Asks: 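Sharing a structure, written as structure tokens. Questions coming.
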2 protein chains.
Amino acid sequence: MRLTTKGRYAVTAMLDLALHEGQGPISLADISERQGISLSYLEQLFAKLRRNSLVKSVRGPGGGYQLNHEKQAISVAQVVDAVNESVEATGCGRQGDCQNGETCLTHHLWCDLSNQIHSFLNGISLADLVVRKDVKDVADRQDRRHSSQVFLTATDSLLADKATV
Amino acid sequence: MRLTTKGRYAVTAMLDLALHEGQGPISLADISERQGISLSYLEQLFAKLRRNSLVKSVRGPGGGYQLNHEKQAISVAQVVDAVNESVEATGCGRQGDCQNGETCLTHHLWCDLSNQIHSFLNGISLADLVVRKDVKDVADRQDRRHSSQVFLTATDSLLADKATV
DNA sequence: GTAATAACCTACTTAAATGCTCGGACTAAT
DNA sequence: ATTAGTCCGAGCATTTAAGTAGGTTATTAC
């Protein structure tokens, strides 16, 4: 079992998509900036998310990614799974052949733990996260910062335009 | 978060000690044989278990390891923790400074998950495991095999003794 | 049609951890 | 004195995460 930034990034990015749903395709550059995740790394993660048909893409200018299903139909477990971070706690993948063909002493314990984790993460959808207060707070902060940055760079280019006149 | 054979080995080995409690010190060689874990690797794991005072050791012939506390006072979480396999799912160690100083979008989600896992593993003691049917079954199988092996090697040495006569 | 944008793809790099092995030193019972 | 055991450090092969770099293709806007 393993849960690193890989799975956390994937969930964060998907949640970012869910939060900005209805605003058209969201570019990875935007997500990268808002969530502080390397753009190239995001590309690799979204390749997997796309292969698992959790997102759909639009190429070209104004393009980006969108959720491929309803928010409430995408669970955290699915996202973590899509980027190959199994929350399976057994070493044998539940086969029970952990100790050269036979069941090891603690096999069932890890099975129980796997069930526990999986049902927990399976029970949480992106829609559930979007309405949480702690998520909303962080999202608001990020959006303010992001839009003000957009404003600043827009102002910059206006000034640059003036300068070139 | 990470749970690999390292933590699983540690719990398995501790459970082995719990199962053979009252039989004096248990050598790592015995555990290695019964549980199919490399002896040298066990040594490294038990160094950590000892440093966390989960076991006490007896050196010299007839020596080995014993639980340092009552079976019911040692939880699976403690054992996993002792070998440095944190079941902490956040990247920031609950600090909330995940995204360059500020809280990331999914921080609270991973906190919840950590709580879930921790309370689950914390609620299971070695005593709980010892009485489980699935554990008993495997333990019986291992003990039969182990004692018959001891018998065989004993017979071997008897025969060897006879041969040398 | 040309430039810009953004998805898409492949390959490489760095760092860390796992799961071992090996060799030896210390300690205590026979 | 020998032997059975714990103790300790170094080293090693493999895997993975996480990120870099460099490019190609599709689409829009000018």
Side-chain angles (χ1 to χ4, degrees), chain A residues 1-10 12-13 17 24-33 35-66 68 80 83-86 91 98-100 104 150 153 157 161, chain B residues 1-10 12-13 17 23-33 35-52 54-66 68 80 83-86 88-89 91 98-99 150 153-154 157:
Chain A
M1 184 178 63
R2 173 179 287 134
L3 182 58
T4 64
T5 58
K6 194 178 188 177
R8 286 194 294 264
Y9 279 172
T12 302
L17 284 190
I26 305 294
S27 74
L28 292 187
D30 279 2
I31 299 178
S32 165
E33 197 183 307
Q35 308 305 335
I37 307 171
S38 136
L39 177 59
S40 293
Y41 199 41
L42 271 179
E43 287 179 353
Q44 291 168 46
L45 296 182
F46 271 79
K48 296 188 176 183
L49 293 173
R50 203 172 64 91
R51 261 177 250 135
N52 284 266
S53 62
L54 291 176
V55 296
K56 55 189 171 192
S57 63
V58 178
R59 300 180 75 161
Y65 287 91
Q66 284 172 304
N68 198 30
V80 173
V83 293
N84 305 337
E85 289 223 303
S86 167
C98 350
Q99 193 180 340
N100 49 330
C104 83
V150 169
T153 51
S157 34
D161 285 354
Chain B
M1 183 179 62
R2 171 180 285 133
L3 183 58
T4 65
T5 58
K6 193 178 189 179
R8 286 195 294 263
Y9 279 172
T12 302
L17 283 191
Q23 303 179 14
I26 306 293
S27 74
L28 293 187
D30 279 2
I31 299 178
S32 166
E33 197 183 308
Q35 309 304 335
I37 307 172
S38 135
L39 177 59
S40 294
Y41 198 42
L42 271 179
E43 287 179 354
Q44 291 167 44
L45 296 182
F46 271 80
K48 295 188 176 182
L49 294 173
R50 203 173 64 91
R51 263 177 248 135
N52 284 266
L54 291 176
V55 296
K56 55 191 171 191
S57 64
V58 179
R59 300 179 74 160
Y65 288 91
Q66 284 172 306
N68 198 30
V80 172
V83 293
N84 305 338
E85 289 222 305
S86 168
E88 177 58 49
C98 348
Q99 193 182 340
V150 169
T153 51
S157 35

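Sequence lines set the chain letters: A, B, ... in the order given, protein chains first and strands last, and positions in each chain run from 1. Heavy atoms only: backbone and side chains are in, while hydrogens, waters and symmetry mates are out. All values reported here derive from a predicted model rather than from experimental measurement.
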Asks: Answer whether the closest heavy-atom distance between the side chains of A:Q99 and B:Q35 falls below 4.5 Å.
Replies: yes
Asks: Indicate whether OP1 or OP2 belonging to C:dT5 is found under 4.0 Å from a side-chain N or O atom of A:S27.
Replies: no
Asks: May I have the distance from A:L28 (atom CG) to C:dT5 (atom C1'), rounded to whole angstrom?
Replies: 12 Å
Asks: Output the rounded distance in Å from CG (B:N84) to P (C:dA17).
Replies: 10 Å
Asks: Applying side-chain contact (heavy atoms from CB on, under 4.5 Å), run through B:V55 and B:Q66 and close with a yes or a no.
Replies: CA-CA 6 Å; B:V55 296; B:Q66 284 172 306; over 6 Å; no
Asks: Separation of A:L17 atom CG from C:dA7 atom P, in whole Å?
Replies: 11 Å
Asks: Assign each of A:I37 and A:G62 to its nearest nucleotide of DNA chain D by heavy atoms, then name whichever residue's nucleotide is nearer the 5' end.
Replies: A:I37
Asks: Is there a side-chain polar atom (N or O) of A:Y41 under 4.0 Å from OP1 or OP2 of D:dA18?
Replies: yes
Asks: Give the rounded distance in Å between these two atoms: CG of B:L39 and P of C:dG23.
Replies: 15 Å
Asks: Under 3.5 Å between N/O atoms: give me all the protein pairs with nucleotides 7-12 of chain D, atom names plus distance.
Replies:
residue, atom, partner, partner atom, Å
D:dC7, OP1, B:S57, OG, 2.6
D:dC7, OP2, B:Y65, OH, 2.3
D:dC7, N4, B:E43, OE1, 3.2
D:dC7, N4, B:E43, OE2, 3.1
D:dC8, N4, B:E43, OE1, 3.2

Asks: Could you tell me how far apart A:M1 (CE) and C:dT18 (P) are, to the nearest whole angstrom?
Replies: 13 Å
Asks: With side-chain contact (heavy atoms from CB on, under 4.5 Å) as the test, would you mind laying out the steps for A:M1 and B:E85 before giving the verdict?
Replies: CA-CA 11 Å; A:M1 184 178 63; B:E85 289 222 305; over 6 Å; no
Asks: Listed by chain and number, what are the salt bridge (Lys or Arg N to Asp or Glu O under 4.0 Å) partners of B:E88, not counting sequence neighbours?
Replies: B:R94
Asks: Nearest-Å distance, CG (A:L49) to P (C:dA7)?
Replies: 13 Å
Asks: Quick one: do A:I31 and A:L17 satisfy side-chain contact (heavy atoms from CB on, under 4.5 Å)? Show the steps, please.
Replies: CA-CA 8 Å; A:I31 299 178; A:L17 284 190; 3.9 Å; yes
Asks: Under the criterion side-chain contact (heavy atoms from CB on, under 4.5 Å), I'd like the reasoning laid out for A:L28 against A:I37: C-alpha separation, chi angles, the key distance, then a yes or no.
Replies: CA-CA 9 Å; A:L28 292 187; A:I37 307 171; over 6 Å; no
Asks: Side-chain N or O of B:T4 less than 4.0 angstrom from OP1 or OP2 on C:dG19?
Replies: yes
Asks: Measure NZ/A:K48 against P/C:dC8 and give the value in whole Å, please.
Replies: 16 Å
Asks: Closest approach to the side chain of B:T5, judged atom by atom: which nucleotide of D:dT28, D:dA17, C:dT18 is it?
Replies: C:dT18
Asks: Whole angstroms only, please: what is the CG-P distance between B:L3 and C:dG19?
Replies: 10 Å
Asks: Search all heavy atoms of B:S32 against all heavy atoms of B:L39 and return the closest pair with its distance.
Replies: OG-N, 3.8 Å
Asks: Out of C:dT18, C:dT21, D:dA17, which has the shortest distance to the side chain of A:R2?
Replies: D:dA17
